2 protein chains.
Amino acid sequence: MQYKTRMTKQKKVIMDLLEGTDIHPTADWVYEEARKILPDISLGTVYRNLRVLTETGIIQELNYGSTYSRYDGNPDPHYHFICKVCGRVLDVPIEIWESLNEEVEDATGWIVEQHRLEFSGVCTVCKNKTMS
Amino acid sequence: MQYKTRMTKQKKVIMDLLEGTDIHPTADWVYEEARKILPDISLGTVYRNLRVLTETGIIQELNYGSTYSRYDGNPDPHYHFICKVCGRVLDVPIEIWESLNEEVEDATGWIVEQHRLEFSGVCTVCKNKTMS
DNA sequence: ATAGGTGCAAATGTTTTGCTGTCAA
DNA sequence: TTGACAGCAAAACATTTGCACCTAT
């Protein structure tokens, strides 16, 4: 991203979709939803914009533990939880551990710029289904 | 994995390779190294064994932040650091945060079974190269 | 003896890219 | 006006799988 980006209608739709959902969607979900608004949008365009938006820091890409990425309209650091039953990705309502990077720096001598923390288990919905 | 597994020479070689390295190799690295010992081994066999060994809990698969997996001969929980300059994956010499899953359970009501923590930045080698 | 494993090659699923035409700034 | 971006389709890439043969138990 060393040049200016344009606000195309395709990019706008993708940004709006991501801002309006909390399901941490896949590229394909974004594509299918975007097609409802712009029927001629291509999957390549969706991927290109997701990448540009990620590089610009407007969204973030999540890619732990599966063969495909998910995208999060919230670029602020926060932790995620994956339900191993339904596959849903949820935000974890705990604070960021601010001092952690520094602690690892002190222990190792590396430059530690960020950390990612991801939980897995069973979400409330699936937990209740299992019990009934 | 509901049936018994056999110890084939292919699986033995793959296990030995993973036990003998700390570079958290990719499937392709394992394949290339295994071919030096068993020239006719196939990439499919490497993938099949890596999967079986992962499911059996003998090794672990690492798949954060890239388009391909790495494999770790050490199945015990520990944290990793990825150098964004050289791509190396290193073990982080800090203790596992034992109570963390429980804290998230208390905050959310979910069943939290595990967590993964991954750091990124610049390793010592690359840090020194940058300075010179 | 037999069922799990192998090698090979084709298939799969996700993401990227080359090309030509289009449109936002 | 012009160069960043679109659509389309082909390619790239990591990984999985079907099949016929092989081999550990």
Side-chain angles (χ1 to χ4, degrees), chain A residues 1-18 23-56 58-72 82 87 89, chain B residues 1-18 23-56 58-72 82 87 89:
Chain A
M1 298 308 308
Q2 22 263 41
Y3 52 82
K4 349 186 167 88
T5 62
R6 290 182 192 172
M7 181 51 66
T8 61
K9 58 188 179 208
Q10 290 84 350
K11 187 190 284 180
K12 184 71 172 57
V13 165
I14 292 169
M15 287 174 62
D16 288 350
L17 283 169
L18 280 167
I23 67 164
H24 309 85
T26 62
D28 209 65
W29 183 94
V30 174
Y31 174 54
E32 292 301 337
E33 291 301 309
R35 283 175 76 185
K36 294 178 184 169
I37 302 158
L38 297 173
D40 287 336
I41 195 172
S42 75
L43 186 53
T45 294
V46 170
Y47 273 106
R48 254 184 303 242
N49 276 303
L50 289 172
R51 179 197 274 233
V52 168
L53 291 170
T54 301
E55 286 171 354
T56 317
I58 294 172
I59 66 174
Q60 68 179 296
E61 185 181 0
L62 313 177
N63 50 7
Y64 3 68
S66 55
T67 51
Y68 50 86
S69 289
R70 289 174 165 274
Y71 296 87
D72 190 336
I82 291 105
V89 176
Chain B
M1 298 306 311
Q2 23 261 40
Y3 52 82
K4 350 186 167 88
T5 61
R6 291 180 189 172
M7 181 51 67
T8 61
K9 58 188 178 206
Q10 290 84 349
K11 186 191 282 180
K12 185 70 172 60
V13 165
I14 291 168
M15 287 175 62
D16 288 350
L17 283 169
L18 280 167
I23 67 163
H24 309 85
T26 62
D28 209 67
W29 183 93
V30 174
Y31 174 55
E32 292 300 337
E33 290 301 310
R35 283 175 77 185
K36 295 178 183 168
I37 302 158
L38 298 173
D40 288 336
I41 196 172
S42 75
L43 186 54
T45 294
V46 170
Y47 273 107
R48 256 183 303 240
N49 276 302
L50 288 172
R51 179 197 275 233
V52 168
L53 291 170
T54 300
E55 286 171 353
T56 317
I58 294 172
I59 65 174
Q60 69 178 295
E61 185 181 0
L62 313 177
N63 50 7
Y64 5 67
S66 55
T67 51
Y68 49 85
S69 289
R70 290 175 165 274
Y71 296 87
D72 190 336
I82 292 104
V89 176

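On a predicted model such as this, the values are computed, not experimentally measured, just so you know. Chain letters run A, B, ... following the sequence lines, proteins first, then strands; residues in each count from 1.
- At whole-Å resolution of the value, CH2 in B:W29 and C1' in D:dA14 are 19 Å apart.
- Distance B:I14 CD1 to C:dT6 C1': 11 Å, rounded to the nearest Å.
- At whole-Å resolution of the value, CG in B:L50 and P in D:dT15 are 9 Å apart.
- Atom CD1 in A:I41 sits about 16 Å away from atom P in D:dA9, given to the nearest Å.
- Rounded to an integer number of Å, the gap from OH of B:Y31 to C1' of C:dT6 is 13 Å.
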Considering only distance and modelled atom types, tabulate donor-acceptor pairs under 3.5 Å from the side chains of residues 44-51 of chain B, sequence neighbours left out.
unit_1: B:T45; atom_1: OG1; unit_2: B:S42; atom_2: OG; d: 3.1
unit_1: B:N49; atom_1: ND2; unit_2: B:T45; atom_2: O; d: 3.1

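- Shown here are the salt bridge (charged side-chain N to carboxylate O under 4.0 Å, His left out) partners of A:K36, two or more places apart in sequence or in another chain: A:E33.
- Considering only residues two or more places apart in sequence or on other chains, B:D16 meets the salt bridge (charged side-chain N to carboxylate O under 4.0 Å, His left out) condition with B:K12.
- In this structure, B:Q10 reaches the C:dG7 phosphate: one of its side-chain N or O atoms is under 4.0 Å from OP1 or OP2.
- Applying the salt bridge (charged side-chain N to carboxylate O under 4.0 Å, His left out) criterion to A:R6, with sequence neighbours excluded, gives no partner residue.
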Protein within reach of the bases, or only the backbone? For nucleotides 15-25 of chain C, mark each nucleotide 5' to 3' as B, S or -, using heavy atoms under 4.0 Å.
BBBB----BBS
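- Rounded to whole Å, atom P of D:dT23 lies 19 Å from atom NZ of B:K12.
- The interatomic distance linking B:N49 (CG) with C:dG4 (C1') rounds to 11 Å, in whole Å.
- Phosphate proximity of C:dT14 to A:N63: absent, as no side-chain N or O sits under 4.0 Å from OP1 or OP2.
- Taking all atoms of both residues into account, the shortest heavy-atom contact from B:Y64 to B:I82 is CD1-CD1, 4.1 Å.
- Remark: A:E32 pairs with A:R35 by the salt bridge (charged side-chain N to carboxylate O under 4.0 Å, His left out) rule, at least two apart or across chains.
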